[in-house]
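Atoms within a ligand are numbered from 1 in the order they appear, just like the ligands themselves.
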Amino acid sequence: MPKTSPRFNILAAATSWDPSRIDGERERRGVPPPMRIEEIFGENTFGLAQMRARLPKQVFRRLCATIEQGLLLDSSVADAVAIAMKEWALEKGATHFTHWFQPMTGFTAEKHDSFITPNVGGGAVAEFSGKDLIQGEPDASSFPSGGLRGTFEARGYTAWDPTSPAFIVETPAGAYLSIPSAFASWAGEALDNKTPLLRSMHALDVQTQRALKLFGAAPARVLATCGPEQEFFLIDQEFYYRRPDLVTSGRTLFGAKPPRGQELEDHYFGSIPNRVLAFMMEVERKLYRLGVPVKTRHNEVAPGQYEMAPIYENANVAADHQQLTMLELRNSARKYGLVCLLHEKPFAGVNGSGKHVNWSLGTEDANLLDPGETPHSNMQFLFFCTAVLRAVHRHQDLLRATVAHAGNDHRLGANEAPPAIISVFLGEQLTEILEQIETSGSATTSREGGLLGLGTPVLPDLPRHASDRNRTSPFAFTGNKFEFRAPGSSQSVSFPTTVLNTIVSEAIGEMCTTLESELESGSVFEEALRRLIAHEVADFKRIIFNGDGYSEDWPVEAERRGLLNLRTTFEALDTLPSEKNISLFEKSGVLSRRELVSRHEIALEVYFKTINIEGETTADIAKTMILPAAIRYLNDLLAVADRMGTLGIESRGTMRMIREVNDLVDDFSEKLAHLVEQNAELGGETPHSKSRHMQENIIPAMQEVRGVADRLEKVLPDDVWPLPTYRDMLFVK
Ligand code: ADP
Ligand code: MG
């Protein structure tokens, strides 16, 4: 049998991408070379510049008041905007428009409508009214609602979000206008990820303004800012489509660890392979045109793993742009013969992928979490920093729940991602300042960074940061923002951000209440503030952990401190609808009790369905691909033994192989039978009991089957093994 078995072709994968194809295509089509960023940036969005140029001054000003200050939109404005937006979209070649929304699947959804309306004369005109812009009504009974809506109540509304710019989606076959929208039920309950995010941004705005007033400032608006870093894997499509597990579940359910994984640490920050770089540049170009400010790109730790990150933006726009980034990553890969894997753990044994959510809050011109040079004297910074710490300490469960889904269970607490314990890395400088305030009521010094000499006169001295970095913390202060590192790579950033906004707005509000009542009873502001911070520090300080989050001692220490350690999705999700959390969300107006309970239900449903698919796929591949391959090989060996016996040749080696393979086949079919049995069980009636069945029975049964399969992979001949291996997938670039 040739080395390139008909099942998959490594050589084809390695050579299928010809760089000249891209250049040649450009020449053939007379496409000009890439343009300057500042010329193409945002050209496919109906942003402020386009609006200013196309809208009557009056309308533009009123729209700006909504976008910049969050004021209520006047419906007469919508008609004027609709006309201008339609003209612009038609000029860009769009034939259709869609409300683009984010149902609770974590993905985006759209339903296209043509601009075309027939006219009396038998022709057609392009129409698009203010009403079309503001409201859509997809028949959306098939989107998850977690009990908020029966299937007989099909009505769902999408509502234009004027604070996130509409954009043109270009495809090889044509273009359409996409309008970022919220999605709600007939009763006005949120069925999406955008609505609560916008509500939480409003809550944060209100409470932060209240606090800033105490500090003597009155900004027009406070915004949550978000900069999400995206990690992902790229593999050749040749392999992807020959792995039913990747196709159905996004991760490999089988696969022995290759002799070489990421041990040499030569991939991280290494030079980006040409094919991958060409792909990334195309993704970036498309994103620039959509106004997404992608900034950095590099190789990540595992072979075949990469990262892209944008410049931060207001959290609502950032969340939309993050969705666009995932879409473009997935869509553009095919042109390069690649498939982009956004799953948290496509490959066991090498690092998984996360999505670090950098978060802060700021006014038009100041980042409120920027400590400045002398944080000890920056009381306003210390106030907001304290609020974040108070919030994280009180709502560890909730933060953990926002990152709880099946894919992330493989990652959290493994040796590549923060543990499932929520703690905060603050760095020595800030920790020392807070300690000073706690013990003596005030802080008088800040540890300084100073200069870092590199030991040779030819290299410049570098300014050193006052604190080192810590990659092992799930929630780290990184100089002028917090970085939430637990979210998974496939996840929407909306819910983690919504929760951050909500819990911090609650903390700010409560701290304001204390300060305001102290001021009323005649206290001096500065003194009241110091007392408040000292009191808070004493309360939350057990959440601060500057040590190694990957160490074995940490879970023990965390337990001693009384911190939560919710190891699995199943455990973490159960904390979601607690009375504490319901009251938090209701008070802030972010989610009603029903909305929160429905989110819990949906998360459980997604969890058990995900594992159920994995369980079925594991059994399928085991039964129809791996077991037959093993038996075929056994048959070959037996034929050899038979002939040797006939010829009277002793066959110790062959007999040994026969016994080894036969034992593995026995073991494998036993474990497979157990998995099939478990798959047949429903696990009860509710999403909760079904999820428990997945966690307690299906996952272990799958692991058992995989364990034997991975041993078989190391024994079966290369040309008999029915799946592309880790070595193929991770190293052919
Ligand atoms: P670092 O040195 O910590 O990597 P970078 O400036 O490279 O910092 O930022 C890393 C990520 O954090 C980027 O995606 C960036 O947009 C984001 N970021 C920076 N400042 C803020 C902020 N104020 N709010 C939210 N995200 C931010
Ligand atoms: Mg980072």
Side-chain angles (χ1 to χ4, degrees), residues 37 41 197 200-201 204-205 208 219 221-232 268-269 280 283-284 287-288 291-301 306-326 329 353-372 375 378 380-381 384-385 387-388 391-392 418 424-427 429-430 449 452 462-487 489 491-494 496-501 504-505 546:
I37 290 190
F41 191 82
L197 175 57
S200 74
M201 293 193 52
L204 187 67
D205 180 25
T208 310
R221 186 152 196 221
V222 175
L223 279 171
T225 52
C226 173
E229 304 166 36
Q230 176 74 53
E231 293 178 348
F232 55 91
Y268 188 53
F269 279 19
M280 284 180 164
V283 171
E284 285 164 356
L287 290 174
Y288 288 150
V292 181
V294 272
K295 179 148 168 73
T296 61
R297 51 165 116 105
H298 62 83
N299 288 5
E300 257 302 325
V301 173
Y306 308 90
E307 178 182 308
M308 283 172 84
I311 296 172
Y312 68 94
E313 298 177 277
N314 111 40
N316 175 46
V317 175
D320 284 357
H321 283 171
Q322 218 296 301
Q323 289 286 357
L324 283 179
T325 303
M326 290 196 286
L329 283 170
S353 302
K355 175 151 25 204
H356 296 173
V357 174
N358 294 275
W359 178 92
S360 185
L361 68 172
T363 64
E364 181 83 314
D365 40 36
N367 174 358
L368 297 173
L369 288 176
D370 187 346
N378 185 347
Q380 184 183 303
F381 161 75
F384 288 113
C385 188
V388 175
V392 174
V424 183
F425 171 83
L426 258 197
Q429 188 191 41
L430 279 183
L452 180 69
L462 303 177
R464 183 212 304 269
H465 293 93
S467 292
D468 195 4
R469 278 177 180 266
N470 180 320
R471 304 223 113 245
T472 67
S473 174
F475 199 84
F477 184 71
T478 49
N480 57 5
K481 62 186 183 288
F482 282 92
E483 184 171 344
F484 187 24
R485 300 199 181 112
S489 50
Q491 223 184 315
S492 155
V493 298
S494 296
T497 310
T498 299
V499 164
L500 275 172
N501 295 344
V504 173
S505 77
N546 293 332

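Residues Glu284 and Leu287 are not in side-chain contact: their nearest non-hydrogen atoms beyond the backbone lie 4.5 Å or more apart.
For the side-chain hydrogen bond (donor to acceptor under 3.5 Å, both in side chains) test, no residue two or more places apart in sequence or in another chain qualifies with Ser473. Taking the side chain to side chain contact (heavy atoms under 4.5 Å, CB included) definition, one finds that Leu223 meets it with Met201, Arg221, Asn314, sequence neighbours left out.
Below 30°, between 30° and 60°, or above 60°: for Phe482 and Phe475 the angle between ring planes is below 30°, a parallel geometry.
In summary, of the residues considered (Leu197, Asp205, Thr208), a side chain to side chain contact (heavy atoms under 4.5 Å, CB included) with Asn501 occurs for Leu197 alone.
The shortest N/O to N/O separation between Ala309 and ligand 1 does not fall below 3.5 Å. For the pair Thr478 and ligand 1, the shortest N or O to N or O distance does not fall below 3.5 Å. Looking at Thr225 next to ligand 1, an N or O pair under 3.5 Å apart turns up.
Those atoms of ligand 1 with a heavy atom of Ile311 less than 4.0 angstrom away are 16 (O).
Evaluated by nearest non-hydrogen atom to atom 21 (C) of ligand 1, the leading choice among Trp359, Tyr312, Phe482 is Tyr312.
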